[in-house]
Amino acid sequence: MSLDLLQAERPLFSYPSFKGRNEKPAPFLPMSRKEMRKLGWDSCDVILVVGDAYVDHPSFGMAVIGRTLEAQGYRVGIIAQPDWHSKDGFMKLGKPNLFFGVSAGNMDSMINRYTAERRMRHDDAYTPNNEGGKRPDRAVLAYTQRCKEAYKDVPVVIGGIEASLRRIAHYDYWSDKVRHSVLLDSKADILLFGNAERPLLEVAHRISLGETTKEMLDIRGTAVLVKHALPGWDGIDSQQVDQLGKIDPIVNPYADINVQCATQQIADQSSAEQEDVTKPITVLPPMAKSHKKKPWENTYIQLPNYEKVKTDKVLYAHTSRVLHQETNPGCARALAQFHGQRLLWVNPPAYPLTTEEMDAVFGLPYQRVPHPEYGDAKIPAYDMIRFSINIMRGCFGGCTFCSITEHEGRVIQSRSEDSIVKEIETIRDKVPGFTGVISDLGGPTANMYRLKCKSPKAEQTCRRLSCVYPDICHHMDTDHQHTISLYRRTRKLPGIKKILIASGVRYDIAVEDPLYVKELVEHHVGGYLKIAPEHTEKGPLDKMMKPTMSSYEIFKQMFEKYSKAANKKQYLIPYFISAHPGTTDTDMVNLAMWLKSNNFKLDQVQNFYPSPMANATTMYHTEKNPLHKVNKDSENVVITKGARQRRLHKAILRYHVPENWPEIREALKRLGLARKLIGRGANCLVPPESRDELQATVKKGAGKAGQPALSRHTGLDQFNQKDKVKPTVKKRLTQKKKIGSTRKIKLGK
């Protein structure tokens, strides 16, 4: 990848080792005083508090952060899933010399604890034995509060995905309101967003030199609270930048070189005019080129304050739009947002890691197993990834319902082939239970490995939310040669029987390189391949920033063609979202008809989950579309809200389940589609009511409001008054014969 213009000033591991230490890495980062004593430690420099069980594996964020700090000479301890009801559990390792690092874990704690319908989960894949209830709601807030109670004078640095996605005022789905930045609510000292190895090491180094967090105001990838804007920074109002920036033309690399070609005429003339006396040559120093300030340098955008975005949905959508435009490390400006009298200052994102830095991070001495404290307990999240390899970070897809871009960024950060091969060999030789099958070579997306922008200048200045929507950018390289080379090399390794691809494949990019699809289908599909069309209809797809089904159809044809050529029975497993912003009831019916025509019967359907800071969450909250300029007269987005409506959309996707038929029939009648789609024909969605269903409906209707179901044996004469009981089905039929009659009909015995 070309990172020339997205290069940090200093390499990741260029800081001097803390106190000149050169200690051997700990077998596991200690979780108890006993382990600390075995290592010869009397205290920890940094203590990490995390909502997940401690698994020493590079797929677990706190293991990566801990090992990265350890590589710089810091003594790091971990307090995993502490009891948050008192400060005692936060004091088990003593007082840290430098700071506490707090994270909710690999998942947002609210998403981890609650379903999309706000029902509490009873399990937790990141906890031993899948036990629920081992972390609090809004874990970053609870953990920070207890750290402050335990040691008031110790700085608390918050990070991870929960802090990252709540770095400014944000809509909170679970309380259905706009909340402050998590930095303000938690009372932490500094917030790190993104994967954060780079800002973390700078913060640790500066604290170790005696600086306070109040002095660390300009570190990329951090957010801090200040009283006023930083000195030397120019501010602009957010309403001046609520539009996509244009890509500057690529600068001519020879524009500043004043070179003349010496023609033969000039050469002859010069030769004739030569004198016998040699003239001295004066060498002038080059003119110092004045630095032209880029429009984003030392510039911040003043966002509408918390009090305004809390009450004004148009301003909230506008703020979200501006934030998403400022995610490119090459040209992002700082953001400033007042919360009362305090100013939240969000620095531009940290520069992405180079391939060499990624290799160094993933090459740290992970044990690749859970901490021995857990014994034989099963941790489902670990069991799922223990034989998988993370080959890259980031995603340039920009799907509005996904928060990967807001957390990891759009620039793809890839490891080298050698680094990946070395990790596969480590799994083969050291990880218990390995049978020769690598479960995944992937990341956020399976086939973005080493894909990059072909123009470094465009990559630095681009503000597009997606490199592939509405069409693939002409600057984007879609050649999968590096991925193909990686697949071919890894599957030839001794002791490796199969390399599977379990990460979702971005099929609209894959079809640009048929050789990749052929390689994938012939060698790396274990019978089923996950892809995510998400929907079939243009309305919701546009709000998702997803491609049309034409790309899916092309990929499906390729998949079936190469599967047949390889004499393999393999199947695509498409994923769909129900109740996404922009989705009407008719859209859901059309999707269900597509599923039926293609003989898909979905066992599980995911209702849209409004995660913090995602563009689709902004649509859900404001009913405005932040993908375009926002004002009070701009496009209104159709939103599926309320338990009943969300349940309906989910039910329509599971059209084959009899329990859903009554609800679907009711919706089809309301849409005027009953005669067309209720029946037993191939083109119908659900069958008509059976005799048993009709009888059950009669009984249910007759027994409303606590009344017994009436029959000819119950003695109807005691209910002669009209307000006490409705006519039975038989009497209703009698009434229908007297259409237009106003005479009251008495109920007979």
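What you see is a predicted model, and the numbers here were worked out from it, not measured in a lab. Atoms considered below: every heavy atom in the structure, side chains included; atoms not considered: hydrogens, waters and symmetry mates.
- Under the rule for a ring pair (Phe, Tyr, Trp, His ring centres under 6.0 Å), His407 has no partner lying at least two apart in sequence or in another chain.
- Judged purely by distance below 3.5 Å, without hydrogens or angles, the side chains of Ser416 and Asp359 pair a donor atom with an acceptor atom.
- Remark: side-chain polar atoms of Ser14 are paired, donor with acceptor, to backbone N or O of Pro11 under 3.5 angstrom.
- Both tests hold for Arg10 against Tyr15: distance to the six-membered ring centre under 6.0 Å, angle to the ring axis within 45°.
- Side chains of Thr426 and Arg368: no donor on one and acceptor on the other come within 3.5 Å.
- A cation-pi arrangement is found for Arg167 relative to Phe193, the charged atom lying closer than 6.0 Å to the ring centre and inside a 45° cone about the ring normal.
- A donor-acceptor distance shorter than 3.5 angstrom exists from the side chain of Ser208 to the backbone of His205, with no hydrogens or angles considered.
- Closest of all the heavy-atom pairs between Thr222 and Ile219 is OG1-O, 2.6 Å.
- For Arg198 and Tyr351, the positive end is not near the middle of the six-membered ring at less than 6.0 Å and at most 45° from its axis.
- With respect to Arg333 and Glu297, no salt bridge is recorded, no charged nitrogen being found less than 4.0 Å from a carboxylate O.
- Side-chain contact check for Arg135 versus Asn112: some heavy-atom pair is nearer than 4.5 Å.
- Here the closest heavy-atom approach between residue Met476 and residue Lys452 is recorded as SD-O, 3.3 Å.
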Would you please test Glu197 and Thr68 for side chain to side chain donor-acceptor pair (under 3.5 Å) and show each step?
CA-CA 7 Å; Glu197 291 97 341; Thr68 299; 5.1 Å; no
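- The aromatic rings of Tyr487 and Tyr516 lie tilted to each other, with the angle between the two planes from 30° to 60°.
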For Asn390 and Ser59, what are the C-alpha separation, side-chain angles and deciding distance, and is it a side chain to side chain donor-acceptor pair (under 3.5 Å)?
CA-CA 7 Å; Asn390 194 333; Ser59 290; 5.2 Å; no
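- A salt bridge does not link Lys564 to Glu560: none of the charged nitrogens lies less than 4.0 Å from a carboxylate oxygen.
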Go through it in stages, so that I can follow the logic: the residues are Ser17 and Arg21, the test is side chain to side chain donor-acceptor pair (under 3.5 Å), and I'd like the CA-CA distance, side-chain angles, deciding distance and then a yes or no.
CA-CA 6 Å; Ser17 181; Arg21 288 187 186 138; over 6 Å; no
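- The aromatic rings of His57 and Tyr382 stand perpendicular to each other, their planes meeting at an angle above 60°, with 30° marking the opposite boundary.
- Residues Ser103 and Glu162 have side chains that never bring a donor and an acceptor to within less than 3.5 angstrom of each other.
- With Ser164 contributing its side chain and Gly194 its backbone, the two residues share a donor-acceptor pair below 3.5 Å.
- A salt bridge is defined here as a Lys NZ or Arg NE, NH1 or NH2 lying under 4.0 Å from an Asp or Glu carboxylate O, and Glu23 with Arg75 meets this definition.
- No salt bridge links Asp479 with Lys454; every basic N to acidic carboxylate O contact stays at or beyond 4.0 Å.
- Look at Glu408 and Arg393 and you find no salt bridge, because none of the NZ, NE, NH1 or NH2 atoms lies under 4.0 Å from a carboxylate O.
- Under the side chain to side chain donor-acceptor pair (under 3.5 Å) criterion, Thr127 pairs with Gln81, Asp124, sequence neighbours left out.
- Between the side chain of Asn347 and the backbone N or O of Gly221 there is no donor-acceptor pair closer than 3.5 Å.
- Tested against Phe559, the residues Leu520, Leu529, Ile531, Ile554 include a single side-chain contact (heavy atoms from CB on, under 4.5 Å) partner, Leu529.
- Phe28 and Tyr54 have perpendicular rings, their planes meeting at more than 60° on a 0 to 90° scale where under 30° would count as parallel.
- No salt bridge links Asp508 with Lys546; every basic N to acidic carboxylate O contact stays at or beyond 4.0 Å.
- Dense packing is recorded around CG of Asp429, with more than 12 heavy atoms of other residues, nucleotides or ligands lying under 6.0 Å away.
- Taking 4.0 Å as the cut-off between side-chain N and carboxylate O, Glu423 and Arg415 count as a salt-bridged pair.
- The backbone N or O of Pro27 lies less than 3.5 Å from a partner atom in the side chain of Gln367, making a donor-acceptor pair.
- Put simply, the side chain of Glu357 gets close to the backbone of Leu12: a donor and an acceptor are under 3.5 Å apart.
- A side-chain hydrogen bond (donor to acceptor under 3.5 Å, both in side chains) with Glu519 is found for exactly one of His480, Arg491, His524, namely Arg491.
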